[in-house]
Asker: 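Quick one: structure below, then a few questions.
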Amino acid sequence: MSILKKSSTVRFLAQTIFLLLCSAMTVWASGPKDPSPHGTNIFAPASTPAKSIADLSVLVLVITGIIFVVVFVLLVYSVVKFRGRAKDAGREPAQVYGSTQIELAWTIIPILIVVVLFLATARVIHAIQDAPEPAGAVQVTVIGHQYWWEFRYPKLGIVTANELHIPVSDPGHPTPTFLQLLSADTDHSFWVPELAGKTDLIPNHPNRMWMDPQRTGIFLGQCAQYCGTQHAKMLLRVSVDGPQDFAVWVRAQQGPAVEDAGAIAGRRVFESNACMNCHAVAGTAADGRFGPDLTHLMSRVTIAAGAAKNTHDNLRLWIQDPSAIKPGSLMPAMKLSDTDLDAVVSYMETLR
Amino acid sequence: MSSNAITLPGTQIQARPWVDELHQWLTTVDHKRLGILYILSALLFLAIGGVEALIIRIQLMHSHNNFVSPEVFNRMFTMHGTTMIFFVAMPVLFGFANYLVPLMIGARDMAFPRLNAFSFWLSFLGGLLLYFSFLGGSGLYGAGSAPDVGWWSYAPLGARAFSPGHSSDYWTLAVLVSGFGSIGTAINIIATILCLRCPGMKLNRMPLLVWMNLVMAGMVLFAVTPLSAAQIMLLIDRYLGGHFFDTQAGGSAVLWMHFFWIFGHPEVYILIIPCFAFMSEIIPVFSRKPIFGYPVMVAATVCIAFVSMSVWAHHMFTIGMNSYANSFFTLTTMAVGVPTGIKIFNWIGTMWGGRIQFKTPMLFSIGFLFQFLIAGLTGIMIAASPFDWQLSLSYFVVAHFHYVIVGGILFALFAAFYYWYPKMTGRMLSERLGKWHFWLFLIGFHLTFDVMHIPGILGMPRRIYTYEPGRGWDTLNLIITIGAFIQALAILVFLANLVISYFKGDRAGNDPWDAWTLEWSISSPPPAYNFATVPTVASRRPLWDLKHPEDPDSRYE
Amino acid sequence: MSAVTTSFPNTVAEWQLPSRGKVAMAGLIVAESAIFTIFVVAYLFYLGKSLTGPTPREVLETPIFYTICLLSSSLTIHLAAKCLARGITFAFLGLWLFTIALGGLFLYGTAQEWYRLIYEHGVTISTNLFGTTYYSLVGLHAFHVTAGLIMLVTVAVFGLSGRVGVKQSGHIEVLSMYWHFVDAVWVVVFTVVYVLGR
Ligand code: HEA
Ligand code: HEA
Ligand code: CUA
Ligand SMILES: [Cu+2]
């Protein structure tokens with residue numbers, strides 16, 4: 001028949017769900033207090049835009065949390081209180097068709113909540129999106145390519161790839177970085193959660209974003225917009241440097257490639273193969289733009305957009321067969337002989 | 001109260017050679033049979049799409065897993081998304097609409113039975129076309145290549161230059177063809193509801209299910225058509241060398257996004273409104289009270305339909321719209337919460353003061369209310385555009401929409417299955433298996449999709465086939481995968497219940513739930529002609545009036 | 001409260017509902033309007049965005065005559081439907097055939113224009129964004145005119161063999177709704193392509 005031992009059922013439902021929520025909350029809450037050194041936690045902001053977003057998010061979480069609790073309590077109460085009992089089987093409860101006052105109440109209160117939420121949100125939208133670009137800002141042009149990032153510093157004359165270096169921004173003398181976002185092929189999205197929200201890189205549709213990191217260190221992120229086979233391995237590393245370190249890095253990047261007599265054989269292999277059609281090495285004949293600029297390859301910690309550490313073995317493996325590291329990447333396997341391969345790798349290793 | 005009144009023999013009971021039977025089903029124009037065909041085809045695709053989800057989950061179980069290659073993974077989520085939206089959710093809801101709307105308004109069939117059959121076969125053909133891509137995707141060279149551009153197929157990824165071969169052609173054709181099917185069905189539903197109501201069934205006496213399907217069908221006309229138009233443009237690009245979305249020739253990637261989401265957002269309401277419809281029928285019956293605030297429910301539905309036409313760009317907060325556009329779409333999106341909230345409150349109001357019976361349909365309905373509440377609130381979070389700059393394209397969004405779709409739509413559908421299966425087959429679904437199904441699915445669901453919010457907050461993007469260790473995502477993903485398998489188990493229980501109860505279930509009788517709408521006044525399953533005499537109604541609950549002649553509803557409306 | 005009899009009170013005196021043909025056609029028209037809207041939006045969005053020539057100003061000529069043909073066919077089909085409703089089958093047939101002729105003339109005009117664009121100016125659908133959007137929008141409309149003409153001709157064939165009478169006037173009215181819609185769309189397309197677009 002109809003009525004079951006419902007109260008135990010209901011209680012079990014409530015408990016399960018509550019436990020799940022609690023465990024979720026603990027993980028959330030532990031985030032901000034104990035950010036892993038290279039974390040990607042949106043509640044561990046290290047820069048103004050990320051910070052204002054995190055603050056807004058907490059507000060939104062609190063308001064929606066309150067709504068949740070209120071409605072949840074109503075729901076559980078009515079389910080428990082008005083469960084059918086064996087004794088009244090067969091008799092129908094009072095038939096109520098509605099009530100205008102109550103309907104009005106639960107229309108107007110939500111409207112007010114929405115207004116509050118909207119105003120709070122609009123403020124943050126304005127603060128982040130319409131922020132003026134100060135004179136001292138560092139400018140970087142970010143170009144998304146299928147599965148790797150190109151970074152150009154137009155004012156500093158630097159071209160590099162995959163690992164972005166920006167100066168830390170002292171609130172007293174802010175040196176924010178403004179990124180112009182372009183794409184060479186499909187859509188991508190620049191996302192370093194602890195520094196700023198994400199913005200897409202779309203062909204024919206230049207975008208802009210900014211950040212002013214207040215801590216030095218390495219910040220991780222990755223391409224967030226699906227861009228093809230290797231979207232997963234289009235990782236991002238942002239190195240936030242102290243003013244000194246940044247200046248040193250800039251000077252090093254501005255120079256041409258180091259000429260190393262010992263690597264002349266490798267250089268010849270590089271220049272007599274298709275490598276130079278796709279890669280540029282400043283100061284040499286190689287000026288391809290399809291692949292990452294290799295002038296200062298050795299200044300990078302990773303290769304192939306973070307797919308592997310920049311070690312001798314990885315480099316060798318990569319040049320021998322990129323798909324061993326990153327299947328679907330747009331660099332072809334060049335099928336070099338072992339001697340050529342070793343030569344070209346040693347040449348790469350001179351590019352500091 | 002389960003009335004064991006003698007049931008009229010259904011049409012399919014007489015023994016006939018099975019080929020004849022099959023022929024009858026394949027050539028049928030009867031709305032009930034087409035409804036069942038829709039539902040069966042959706043169940044088939046649910047199993048396929050579910051297996052694809054499981055493949056996704058196995059691959060993501062831990063970092064650097066090598067269960068499938070990146071290419072295969074990308075095909076899996078594309079096929080999973082496309083299948084689930086276009087070939088599971090839409091057809092199954094159309095199936096129920098087809099079956100129930102004529103019965104609830106006292107009509108003998110849909111307005112255009114042959115158009116109805118045509119629409120069904122179009123949509124089914126679309127599904128076959130999509131899966132044929134596994135064979136024909138790259139001509140005969142790369143057998144096994146299905147579309148891998150995501151279910152939005154953002155430009156220019158879907159253009160020839162970045163998606164050579166034919167896999168994306170199959171995708172657009174499948175979506176286009178099934179879209180035409182949807183438009184046909186929508187026109188049919190509208191014409192049926194407006195033109196075939198039985199005497200006395202004024203607009204303000206229609207069951208809410210009928211009302212909401214009317215609104216849903218109206219939305220299909222406005223929302224699916226932009227998608228069809230965009231698909232035609234994509235076909236022009238891919239086959240005739242057009243440049244609509246060719247960024248190399250000045251085409252715009254952003255335009256495609258707008259067109260897609262002008263469809264995509266109303267689409268999700270097209271899916272949820274029929275589920276609201278199920279709730280609005282099931283909750284009153286098991287609370288033994290009429291729906292609270294009928295006119296307000298109708299108004300809220302219409303309001304949702306209107307507002308939801310102007311919120312599409314909340315899927316595009318990250319594409320760099322200006323601050324005014326971002327604010328506007330934040331406001332409209334949050335505004336949808338108001339009419340939706342009204343509905344939730346009205347359902348609670350319906351239970352309030354009632355005598356709730358915890359039959360399986362009601363359990364799923366309560367699950368729906370609870371989960372839809374949370375899902376809506378996470379929706380509000382990502383509607384705050386700055387919050388979305390962080391959460392968009394991450395697993396948080398994936399969690400949000402599975403919460404609505406699985407926690408909402410699927411739960412509502414299961415409720416509908418348990419509620420109307422007796423009408424469709426003449427047999428009750430097993431309550432015991434039903435409870436197993438409910439609890440297993442509930443646990444699996446929460447294990448999967450509650451946990452899934454966290455990797456999003458910890459920066460895990462969606463559509464990645466693998467991830468680096470050490471980001472704190474490993475354990476979470478393992479739990480999610482386990483949850484998905486529990487869901488699979490629950491669905492197997494459900495499928496078993498459908499099959500076993502068809503042969504062994506208790507006889508249902510005309511009116512097993514003691515309900516109030518017209519479909520329960522006739523035998524289960526209903527005869528081909530539905531109503532021997534066309535009924536006349538005087539209120540929203542005609543069967544209540546019959547059962548309580550001393551206190552009929554018509555007195556209060 | 002178990003066995004429920006299926007006898008319902010029979011109280012409703014008159015029960016009038018709209019004709020399903022008209023409702024369905026209205027639904028179709030709404031759907032088609034949405035499709036056209038998207039194409040029109042795309043056309044407007046891409047105005048002046050072609051990377052290479054030619055531009056609409058250089059190659060398009062305003063098809064005034066053919067536009068008049070199409071628009072007046074709305075009038076003739078309206079009159080035809082009226083005649084049929086009154087049972088004047090002969091006048092109906094005449095006006096109907098005239099409508100077909102006007103529609104055919106319009107299509108001929110489109111064909112002429114395309115011929116000129118392709119062979120004199122070398123503009124095809126893949127030339128530039130103008131080509132893509134122009135052929136798509138005008139082509140989509142021409143496709144609808146063609147579909148309409150096929151239906152009109154079908155009716156004409158039945159009409160000539162004497163099978164169309166007052167009884168069919170409901171169907172004819174539904175068909176003429178469609179034709180009016182095709183005309184109305186042309187007004188929009190015309191404005192967009194030949195007025196705003198140049
Ligand atoms: C049936 C499906 C469904 C439904 C009903 C919804 C409902 C909502 N959705 Fe969701 N959504 C999807 C399916 C759905 N969504 C899908 C499939 C996607 C992603 C597609 C993809 O990217 O692949 C998506 C993505 C998506 C995004 C884009 C995220 C991104 O990609 O960056 C956003 C952003 O605003 C959003 C918001 C909302 C909101 C605000 C609602 C609201 O309608 C919710 C309203 C409900 C409530 C608010 C709860 C009840 C209300 C109350 C108790 C009253 C009090 C409340 C207030 C006053 C706030 N959704
Ligand atoms: C109706 C819509 C719907 C439904 C029901 C589901 C259900 C599920 N989805 Fe899906 N999902 C989407 C719509 C849906 N999804 C969409 C639109 C996307 C976006 C795609 C994109 O990004 O392009 C997506 C993306 C998506 C992702 C993200 C992929 C990525 O970004 O990389 C994930 C990952 O976990 C996922 C998981 C699941 C799981 C575990 C379920 C589970 O609930 C599934 C449970 C069901 C089963 C497990 C089936 C069990 C059946 C059997 C076992 C029967 C076997 C039968 C025989 C052998 C005869 N989904
Ligand atoms: Cu680049 Cu994803
Ligand atoms: Cu949406």
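Here is the naming used below: chain letters follow the sequence lines, and residue numbers restart at 1 for every chain. This one's a predicted model, so the numbers in the text were calculated from it and none came from an experiment.
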Asker: Name the option with the most non-hydrogen atom pairs under 4.5 Å to chain B; the candidates are A/G221, A/S189, A/G328, A/A196.
Answerer: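 If we count pairs closer than 4.5 Å to chain B, A/A196 comes out on top.
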
Asker: Which atoms of B/D553 come close to chain A, meaning under 4.5 Å heavy atom to heavy atom: side chain ones, backbone ones, both, or neither?
Answerer: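 Both parts, backbone and side chain.
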
Asker: Return each pair, listed once, that meets ring pair (Phe, Tyr, Trp, His ring centres under 6.0 Å) where at least one residue sits in residues 320-340 of chain B; pairs must be two or more places apart or across chains.
Answerer: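 Residue pairs with at least one partner in residues 320-340 of chain B: B/W312-B/F329.
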
Asker: When you compare the side chain of B/V338 with that of A/I111, does any pair of heavy atoms fall below 4.5 Å?
Answerer: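 A side-chain contact under 4.5 Å exists here.
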
Asker: Find the distance between CZ (B/R463) and SG (A/C223) and round it off to the nearest 0.5 Å.
Answerer: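 Spacing of CZ (B/R463) from SG (A/C223) equals 11.5 Å.
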
Asker: Please rank A/A224, A/S183, A/S57 by heavy-atom pairs under 4.5 Å with chain B and give me the top one.
Answerer: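 So the answer, after comparing A/A224, A/S183, A/S57, is A/S57.
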
Asker: What pairs with A/R123 under side chain to side chain contact (heavy atoms under 4.5 Å, CB included), at least two apart in sequence or on another chain?
Answerer: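 Not a single residue meets the side chain to side chain contact (heavy atoms under 4.5 Å, CB included) criterion with A/R123.
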
Asker: Do the non-hydrogen side-chain atoms of B/W473 and A/T40 ever get within less than 4.5 Å of each other?
Answerer: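 Touching, per the 4.5 Å side-chain cut-off.
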
Asker: Residue by residue, which of residues 382-392 of chain B have a heavy atom closer than 4.5 Å to a heavy atom belonging to chain A?
Answerer: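 Counting heavy atoms that sit under 4.5 Å from chain A, the residues of residues 382-392 of chain B involved are B/A384, B/S385, B/P386, B/F387, B/D388, B/W389, B/Q390, B/L391, B/S392.
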
Asker: Just so I know, are the side chains of B/R541 and A/Q95 near enough to count as touching, which here means a heavy-atom distance under 4.5 Å?
Answerer: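 Counting from C-beta outward, B/R541 and A/Q95 do come under 4.5 Å.
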
Asker: Roughly how far, to the nearest 0.5 Å, is CG of A/L235 from CD1 of B/I464?
Answerer: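 Output value for this atom pair is 8.5 Å.
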
Asker: Between B/R355 and A/R85, is any pair of side-chain heavy atoms under 4.5 Å apart?
Answerer: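 Answer no - side chains too far apart.
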
Asker: Of all of B/I319, B/T350, B/N322, which one pairs up most often with chain A through heavy atoms under 4.5 Å apart?
Answerer: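 The option with the most such pairs is B/I319.
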
Asker: Decide side-chain contact (heavy atoms from CB on, under 4.5 Å) for B/M334 and A/T121; before the verdict, give the C-alpha distance in whole Å, the side-chain angles of both, and the deciding distance to 0.1 Å.
Answerer: CA-CA 11 Å; B/M334 288 181 173; A/T121 308; 3.9 Å; yes

Asker: Can you tell me how far CD1 of A/I125 sits from OG1 of B/T330, rounded to the nearest 0.5 angstrom?
Answerer: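 Nearest 0.5 Å value for the OG1-CD1 distance: 4.0 Å.
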
Asker: With chain B, which of A/V60, A/V124, A/L181, A/D187 has the greatest number of heavy-atom pairs at distances under 4.5 Å?
Answerer: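 The residue among A/V60, A/V124, A/L181, A/D187 with the greatest pair count is A/D187.
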
Asker: Looking at A/R208, A/H126, A/Q222, which has the largest count of heavy-atom pairs under 4.5 Å with chain B?
Answerer: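 Top option by heavy-atom pairs under 4.5 Å: A/Q222.
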
Asker: Take the angle between the ring planes of A/F82 and B/W352 and call it parallel below 30°, perpendicular above 60°, tilted in between.
Answerer: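 Plane angle between 30° and 60°, so tilted.
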
Asker: Taking the side chain as every heavy atom from C-beta outward, state whether B/H548 and A/E92 have any atom pair closer than 4.5 Å.
Answerer: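 Contact flag for B/H548/A/E92 side chains = yes.
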
Asker: Donor-acceptor pairs are to be reported for all side-chain atoms of residues 68-81 of chain A against protein atoms at under 3.5 Å, with residues two or more places apart or in another chain.
Answerer:
unit_1: A/S78; atom_1: OG; unit_2: A/L74; atom_2: O; d: 3.1
unit_1: A/S78; atom_1: OG; unit_2: A/L75; atom_2: O; d: 3.0

Asker: Do you know which of B/V254, B/I344, B/T466, B/I380 has the most heavy-atom pairs under 4.5 Å to chain A?
Answerer: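 Among B/V254, B/I344, B/T466, B/I380, the one with the most close pairs to chain A is B/V254.
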
Asker: Working to the nearest 0.5 Å, report the span between OG1 of B/T318 and CZ of A/F190.
Answerer: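 Here the rounded value is 14.0 Å.
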
Asker: Does either side chain, that of A/N204 or that of B/T247, offer a donor lying less than 3.5 Å from an acceptor on the other one?
Answerer: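 Absent: no donor and acceptor within the cut-off.
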
Asker: If you tally heavy-atom pairs under 4.5 Å against chain B, which of A/V96, A/I63, A/I67 wins?
Answerer: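 Option with the top pair count is A/V96.
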
Asker: Measure the shortest side-chain to side-chain distance between B/Y465 and A/K233 over non-hydrogen atoms and say whether it is less than 4.5 angstrom.
Answerer: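 Result yes, sub-4.5 Å side-chain heavy-atom pair found.
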
Asker: Determine whether A/D185 and B/Q248 make a side-chain contact, defined as any pair of heavy atoms from C-beta on separated by less than 4.5 Å.
Answerer: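 No; the side chains remain at least 4.5 Å from each other.
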
Asker: Within the 4.5 Å heavy-atom criterion, are A/Y226 and B/P461 side-chain neighbours or not?
Answerer: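 A side-chain contact under 4.5 Å is absent here.
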
